[in-house]
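A short write-up of the structure that comes next.
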Amino acid sequence: MPRKRRYWLFKSEPSCFSIDDLEGRPDRTEPWDGVRNYQARNLLRDEVAEGDGVLFYHSNIPRPCVVGIAEVVGGAYPDRTALDPRSKHFDPRCAPDNPIWYMVDVRFVRRFLREITLEEIRATPSLAGMELLRRSRLSIQPVSDSEWETILHLGGVDKGE
DNA sequence: GCCAACGTTGGC
DNA sequence: GCCAACGTTGGC
């Protein structure tokens, strides 16, 4: 029996990597690299799996918001930017046999018809349990089935997409 | 750009 | 293993 599809919220500063950047990549796919937090790393490595849904969140802007959805296209593998001294995500403790940090590939699915701002999420009672409103610093967060459906509905996307 | 919240580091 | 110092995140 296939594993049940799960849902996540991935944060990115759009000045660094935006949903437009993802859509513009070959195959609309890009490694989600640079995660340097152990809890987020553990989720990426151990919980996030191929086929899972991703809410693409733009952080550190005047109106932080979920802008669309992506999907995970494979399991986690070592984040090579941690081994590259020229990368701003370089971590000198890492070695090929000791990767420490992991990443997954994500593929653009679609942008929402309208952005769902943090303010709107905060004002929506059925989203009051979202991790985003509690552990605001975690860059990879689990999203429940009902939260996923609510956000997609608010974003003008039909269920099942 | 400020700064609160929070994660990490390292001396002890 | 405690905890102060420090660095980073991210809303505002």
Side-chain angles (χ1 to χ4, degrees), chain A residues 6-25 30-49 52-72 76-106 108-144 146-148 150-157:
Chain A
R6 294 174 68 181
Y7 304 107
W8 309 94
L9 180 144
F10 284 17
K11 289 186 199 172
S12 183
E13 300 190 21
S15 62
C16 178
F17 186 72
S18 72
I19 195 167
D20 292 335
D21 294 326
L22 180 60
E23 188 178 16
R25 288 292 189 274
E30 183 76 358
W32 198 273
D33 61 25
V35 172
R36 296 292 180 270
N37 168 283
Y38 285 103
Q39 194 174 349
R41 186 281 308 270
N42 292 345
L43 290 173
L44 274 183
R45 188 190 56 191
D46 306 331
E47 310 283 339
V48 177
D52 283 357
V54 172
L55 298 176
F56 201 121
Y57 181 81
H58 282 174
S59 67
N60 215 3
I61 51 175
R63 294 171 71 248
C65 53
V66 181
V67 289
I69 53 184
E71 113 183 303
V72 178
Y77 58 102
D79 183 341
R80 65 177 94 87
T81 65
L83 295 169
D84 178 1
R86 292 161 303 177
S87 170
K88 67 180 171 190
H89 301 303
F90 176 62
D91 184 341
R93 299 170 301 167
C94 295
D97 61 349
N98 179 35
I100 302 182
W101 305 114
Y102 288 79
M103 60 188 182
V104 298
D105 290 353
V106 296
F108 174 89
V109 174
R110 62 169 298 163
R111 214 179 315 268
F112 287 157
L113 298 181
R114 48 184 287 275
E115 297 172 343
I116 311 307
T117 62
L118 177 61
E119 184 181 24
E120 183 172 0
I121 290 171
R122 198 177 277 128
T124 303
S126 59
L127 298 177
M130 282 193 75
E131 198 73 11
L132 192 62
L133 303 181
R134 293 185 289 132
R135 292 286 321 285
S136 70
R137 297 198 43 189
L138 192 60
S139 65
I140 305 286
Q141 306 182 352
V143 171
S144 75
S146 68
E147 289 160 358
W148 173 264
T150 301
I151 295 275
L152 263 59
H153 177 71
L154 291 172
V157 177

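Only heavy atoms go into these numbers, but all of them, side chains included; no hydrogens, no water, no symmetry mates. Protein chains get the first letters and strands the later ones, always in sequence-line order, with residue 1 at the start of each.
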Spacing of A/H58 atom NE2 relative to C/dC12 atom C1', expressed in whole Å: 19 Å
Does any residue of residues 9-17 of chain A have a heavy atom under 4.0 Å from DNA chain B, and if so, which ones, in number order? none
How many whole angstroms separate atom CG of A/L138 from atom P of C/dG11? 13 Å
Expressed as a whole number of angstroms, how long is the span from A/Y38:OH to B/dT9:C1'? 11 Å
Electrostatic pair A/R41-A/D79, nearest N-O below 4.0 angstrom: no
Check every strand shown and say whether A/R93 touches a base, only sugar-phosphate, or nothing at a heavy-atom separation below 4.0 Å. sugar-phosphate
Comparing A/N60 and A/R134 on DNA chain B - which has the more 5′ nearest nucleotide: A/N60
Note, A/L9 side chain near A/M130 side chain (heavy atom, < 4.5 Å): yes
Mind checking if A/R122 touches a base, just sugar-phosphate, or nothing, with heavy atoms under 4.0 Å? sugar-phosphate
Summarise how protein sits on nucleotides 2-7 of chain C as a single string, 5' to 3': B when a protein heavy atom is under 4.0 Å from the base, S for sugar-phosphate-only contact, - for no contact. -----B
Check whether any side-chain heavy atom of A/D21 sits under 4.5 Å from a side-chain heavy atom of A/E30, and report yes or no. no
Rounded to whole Å, CG of A/L118 lies from C1' of C/dG10 at a distance of 10 Å
Check step by step if side-chain contact (heavy atoms from CB on, under 4.5 Å) holds for A/D33 and A/W101. CA-CA 9 Å; A/D33 61 25; A/W101 305 114; over 6 Å; no
Measure the distance from CZ on A/R36 to P on B/dT9 and round it to the nearest whole Å. 13 Å
Would A/I116 and A/T124 count as a side-chain contact (heavy atoms from CB on, under 4.5 Å) here? Give the steps. CA-CA 11 Å; A/I116 311 307; A/T124 303; over 6 Å; no
Sub-4.5 Å side-chain heavy-atom contact between A/N42 and A/Y102: no
Is there side-chain contact between A/V35 and A/L43, with heavy atoms separated by less than 4.5 Å? no
Below 4.5 Å, heavy atoms only, C-beta onward: do A/R80 and A/M103 meet side chain to side chain? yes
Write down the distance between CD1 (A/I100) and C1' (B/dT8), rounded to a whole number of angstrom. 13 Å
In whole angstroms, the gap separating P of C/dC12 from CD of A/E119 amounts to 8 Å
Between atom CD in A/Q141 and atom P in C/dT9, what is the gap in whole Å? 14 Å
Using a 3.5 Å cut-off and no angle test, enumerate the donor-acceptor pairs between side-chain atoms of residues 52-60 of chain A and protein atoms at least two apart in sequence or in another chain.
| from | atom 1 | to | atom 2 | distance (Å) |
| --- | --- | --- | --- | --- |
| A/D52 | OD1 | A/R3 | NH1 | 2.9 |
| A/D52 | OD1 | A/R6 | N | 3.1 |
| A/D52 | OD2 | A/R3 | NH2 | 3.1 |
| A/D52 | OD2 | A/W8 | NE1 | 2.9 |
| A/D52 | OD2 | A/A49 | N | 3.0 |
| A/H58 | NE2 | A/I19 | N | 3.2 |
| A/N60 | ND2 | A/E13 | OE1 | 3.3 |
| A/N60 | ND2 | A/E13 | OE2 | 3.2 |

